[in-house]
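Data block below; observations after.
Nothing fancy with the numbering, it's 1 onward along the sequence.
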Amino acid sequence: MMQPLNGFCVLAVFCGAALRLAPEGTVRRVMSVLVSAILLLQLFAGIGLEDLESIPADLGRIREAEQRFRQESGELRERLDRLVIEEELRTYIQNKAEQHGVQISEVELELRWQTEGYWLPWSLKVVAGGTERDFAPLLRELSAELGIPEERLRWCADDGLEESSQATG
């Protein structure tokens with residue numbers, strides 16, 4: 001069986017040949033209208049316009065796919081926003097630590113989504129070399145600037161001993 005496009009192409013070639021062979025004048029003009037009508041009918045039949053009942057169902061499926069796409073793209077945008085903010089905060093924390101002379105080996109940062117529509121830092125754990133005295137000013141400054149309460153700030157020395165910021169204050 002011939003594909004719809006192949007059938008249309010064969011019909012177009014046949015109609016073109018018939019027009020070429022038609023004599024000049026009224027006959028050719030009538031043949032031109034007739035050939036155009038035949039080609040349009042074949043084109044509409046090939047794209048399925050005789051099945052008009054399925055168009056609303058097809059449109060419904062397209063709308064559902066669009067809604068899924070919008071939802072998934074919104075979720076991806078939120079995750080990307082979170083990753084960008086998290087990376088910027090890590091860099092900021094590293095820079096602050098360098099200003100305080102503390103060498104950070106790891107930063108664990110937890111962000112939470114706010115109802116106002118943005119990510120905020122929720123808790124922070126810093127792993128670094130140094131003493132309690134080295135960490136206290138850094139953690140106080142980070143608490144004030146990032147808005148993380150001291151009870152959700154922790155530091156851990158490189159040797160693995162973990163302390164909360166309240167013990168350093």
Side-chain angles (χ1 to χ4, degrees), residues 1-9 12 39-40 42-169:
M1 181 156 193
M2 208 181 298
Q3 297 288 330
L5 184 59
N6 291 342
F8 181 77
C9 291
L39 287 174
L40 281 174
Q42 180 61 32
L43 179 65
F44 290 152
I47 60 174
L49 287 182
E50 69 272 350
D51 188 19
L52 294 176
E53 296 84 30
S54 69
I55 291 176
D58 293 341
L59 288 175
R61 283 192 294 276
I62 290 170
R63 284 188 190 111
E64 288 174 9
E66 176 192 15
Q67 287 174 347
R68 276 194 312 274
F69 174 76
R70 287 181 188 271
Q71 180 181 2
E72 289 171 3
S73 65
E75 291 170 0
L76 287 173
R77 186 181 62 241
E78 283 181 12
R79 278 190 266 165
L80 181 60
D81 287 348
R82 179 184 178 155
L83 289 173
V84 168
I85 291 169
E86 194 171 315
E87 188 59 33
E88 287 177 355
L89 285 172
R90 287 179 194 281
T91 302
Y92 175 78
I93 292 166
Q94 289 281 357
N95 291 340
K96 281 292 178 187
E98 287 176 13
Q99 290 174 3
H100 285 270
V102 177
Q103 290 295 338
I104 294 180
S105 57
E106 183 181 342
V107 174
E108 290 181 22
L109 184 62
E110 180 185 351
L111 299 177
R112 292 214 177 153
W113 182 253
Q114 301 301 306
T115 56
E116 294 84 19
Y118 49 87
W119 294 99
L120 282 180
W122 178 257
S123 67
L124 174 66
K125 177 183 173 184
V126 177
V127 178
T131 65
E132 200 173 307
R133 257 188 314 202
D134 298 330
F135 280 100
L138 172 64
L139 292 178
R140 276 195 300 275
E141 188 173 341
L142 289 174
S143 174
E145 291 183 5
L146 298 179
I148 302 173
E150 288 189 16
E151 60 268 10
R152 292 195 303 251
L153 286 174
R154 298 182 323 246
W155 66 274
C156 182
D158 281 332
D159 59 10
L161 298 174
E162 188 173 317
E163 300 286 336
S164 75
S165 67
Q166 291 176 335
T168 63

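Between W122 and I148 the shortest side-chain heavy-atom distance does not fall below 4.5 Å. Using a 4.5 Å heavy-atom cutoff, the side chains of V107 and L124 are in contact. Between L83 and E87 the shortest side-chain heavy-atom distance does not fall below 4.5 Å. I93 places none of its side-chain heavy atoms less than 4.5 Å from the side chain of L138.
In this structure, CZ on R90 lies 9.0 Å from CD on Q94, to the nearest 0.5 angstrom. With rounding to the nearest 0.5 angstrom, the CZ atom of R63 is 8.5 Å from the CD atom of E66. Note that CZ of R68 and OG of S73 are 12.5 Å apart. Values are rounded to the nearest 0.5 Å. Atom CD of E75 and atom CG of L80 lie 13.5 Å apart (nearest 0.5 Å). Between the CZ atom in R70 and the CZ atom in R77 there is a gap of 10.5 Å [rounded to 0.5 Å]. Rounding to the nearest 0.5 Å places CG of L120 at 12.0 Å from CD of E110.
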Check: Hey, mind stepping through R82 and E86 against salt bridge (charged side-chain N to carboxylate O under 4.0 Å, His left out) and telling me if it holds?
Finding: CA-CA 6 Å; R82 179 184 178 155; E86 194 171 315; 3.8 Å; yes
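Partners of E72 according to the side-chain hydrogen bond (donor to acceptor under 3.5 Å, both in side chains) rule, which considers only residues two or more places apart in sequence or in another chain, do not exist here. R61 is linked by a side-chain hydrogen bond (donor to acceptor under 3.5 Å, both in side chains) to D58, counting only residues two or more places apart in sequence or in another chain.
Looking at S123, its side chain never comes within 3.5 Å of a backbone N or O of R152 through a donor-acceptor pair.
For R112 and W119, the positive end is not near the middle of the six-membered ring at less than 6.0 Å and at most 45° from its axis.
The local environment of CD in Q99 is crowded, with over 12 non-hydrogen atoms from other residues, nucleotides or ligands closer than 6.0 Å.
A side-chain contact (heavy atoms from CB on, under 4.5 Å) with V126 holds for exactly one of L109, V102, I104, L153; it is I104.
Residues E150 and S143 share a closest heavy-atom pair of CG-OG, 3.7 Å. Across all their heavy atoms, K125 and C156 have their closest contact at CE-CB, 3.9 Å.
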